[in-house]
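Just so we're on the same page: letters track the sequence lines, and every chain starts at 1.
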2 protein chains.
Amino acid sequence: MPLEMTPSQALGLWHAVSLSQVRSEAHDLTLRQMAILLQIYLVPPPHTVRGLAATLNVTKPVITRALDTMGAMGLVDRVRDDKDRRNVIIKRTVAGALYLEKLGDVVIAEARQLPY
Amino acid sequence: MPLEMTPSQALGLWHAVSLSQVRSEAHDLTLRQMAILLQIYLVPPPHTVRGLAATLNVTKPVITRALDTMGAMGLVDRVRDDKDRRNVIIKRTVAGALYLEKLGDVVIAEARQLPY
DNA sequence: CCACAATGATACGGAGCCGAAACGTTCACG
DNA sequence: CGTGAACGTTTCGGCTCCGTATCATTGTGG
């Protein structure tokens, strides 16, 4: 069965999680970076710069730069495609999976504490 | 009864909403700005710069600048407190309420479309 | 072969946000 | 009064991100 929420619950959840992120995180990701990261980890591979740019409706440099930043954080990895060496395949990392796992935990915890 | 979610649902929801925000919104708010806006609209007034800074665990200039930006968008308003003219009371606006109402709709819609 | 398309990365100027520090105004109180 | 504290704002230099345009590399088709 689908997940049903009231408007109060929806905004309350967004509020609680955003607040938690702002309070705790020193280096928080941009909304775009977060969307890219979630896309990489929740949608079946392969992921390419071009594909992500099309999916998110942004330009390619946005993806390249986001991958630079998140790559430096160890959240994602890049590998050249040997079948077509123009492509770059974006790979998941343990650190990235752990990062999103923690995010999921926060969402679940805040949802549970929501007033009815 | 509290809102119960699986890890897959939690991340899937965050993914869907983030994606929706990135795709649609030309001028998207920072995570901090979003947290401030939600705090203003979901927590009973009055709201002050100092109070918001303490709640979000950020410095005062962060709040001032966020209010500048969101004020220019019409999402919030500022009024001097006549009881203590050092204070600035942050006021809600119709545009701000509408903005968050739409956000809530997106969250609810995406939650309903989530795979089980 | 060779011109052309496709892919991702880079250069560049511009804009926004950041933290730390200093500032102007307003209040409290001796 | 007048000294100091409280509050919000502004200033400053620095960093990151942005969009456009351009680039190097690699594949494709005549």
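- You'll find that the side chain of B:V49 is closest to D:dG8, out of D:dT10, D:dG8, C:dG19.
- When the side-chain nitrogen and oxygen atoms of B:T64 are compared with OP1 and OP2 of D:dT9, one or more of them lie within a distance under 4.0 Å.
- Side-chain N/O atoms of B:T30 include none lying less than 4.0 angstrom from OP1 or OP2 on C:dG16.
- Out of D:dC17, D:dT9, C:dC17, the shortest distance to the side chain of A:Q33 is found at D:dC17.
- In this structure, A:V22 and B:L56 approach most closely via the heavy-atom pair CG1-O, 3.7 Å.
- Taking atom CD1 of B:I63 as the reference point, atom C1' of C:dA20 lies 16 Å away to the nearest angstrom.
- Place A:D81 and B:G51 on DNA chain D by their nearest nucleotides, and B:G51 ends up nearer the 5' end.
- Here the side chain of A:R86 is nearest to one of C:dG8, C:dG19, D:dT25, namely D:dT25.
- In this structure, B:D82 places its CG atom 14 Å from C1' of C:dC27, rounding to the nearest Å.
- For the pair A:V62 and B:D68, nearest-nucleotide mapping onto DNA chain D gives the more 5' position to B:D68.
- Proximity note for A:P61 (side chain, C-beta onward) versus C:dT7, D:dT20, C:dA20: the nearest is D:dT20.
- Between B:R80 and C:dT25 there is no side-chain polar atom (N or O) within less than 4.0 angstrom of OP1 or OP2.
- Note: A:R50 CZ to A:T55 OG1 = 10.0 Å, rounded to the nearest 0.5 Å.
- D:dC17 atom C1' lies 13 Å from atom CE of A:M70, rounded to whole Å.
- When each of C:dC17, C:dT26, C:dG19 is scored by its nearest atom to the side-chain atoms of B:D84, the top-ranked nucleotide is C:dT26.
- In this structure, CG of B:L67 is placed 12 Å from P of C:dC17, rounded to the nearest angstrom.
- Taking atom CG of B:N87 as the reference point, atom C1' of C:dC27 lies 10 Å away to the nearest angstrom.
- Between A:L114 and A:Q9 the shortest heavy-atom distance is CD2-O, 3.4 Å.
- In this structure, B:L31 atom CG and D:dT16 atom P are separated by 18 Å, rounded to whole Å.
- C:dG24 atom C1' lies 12 Å from atom NZ of B:K60, rounded to whole Å.
- Judged by distance alone with a 3.5 Å cut-off, a donor-acceptor contact links the side chain of B:R65 to the base of C:dG19.
- Contact between the side-chain N/O atoms of A:R85 and the OP1/OP2 oxygens of C:dA6 is not found at any separation under 4.0 Å.
- Here the side chain of A:V88 is nearest to one of D:dT9, C:dA9, C:dT26, namely C:dA9.
- A:R50 comes within 4.0 angstrom of the backbone, heavy atoms only, and of no base.
- Taking atom CZ of B:R32 as the reference point, atom P of C:dG16 lies 18 Å away to the nearest angstrom.
- Within 4.0 Å (heavy atoms only), B:T59 reaches sugar-phosphate atoms of the nucleic acid but no base atom.
- Closest approach of A:Y41 to A:V76, counting heavy atoms only: CE1-CG1, 4.3 Å.
- Put simply, the side chain of A:R78 and the base of C:dG8 share no donor and acceptor less than 3.5 Å apart.
- Results of the side-chain contact (heavy atoms from CB on, under 4.5 Å) test with A:T64 over A:T69, A:V49, A:L52, A:T59 single out A:V49 as the only residue that passes.
- Comment: A:D81 does not engage A:K83 in a salt bridge, judged by the lack of any side-chain N to carboxylate O separation of less than 4.0 angstrom.
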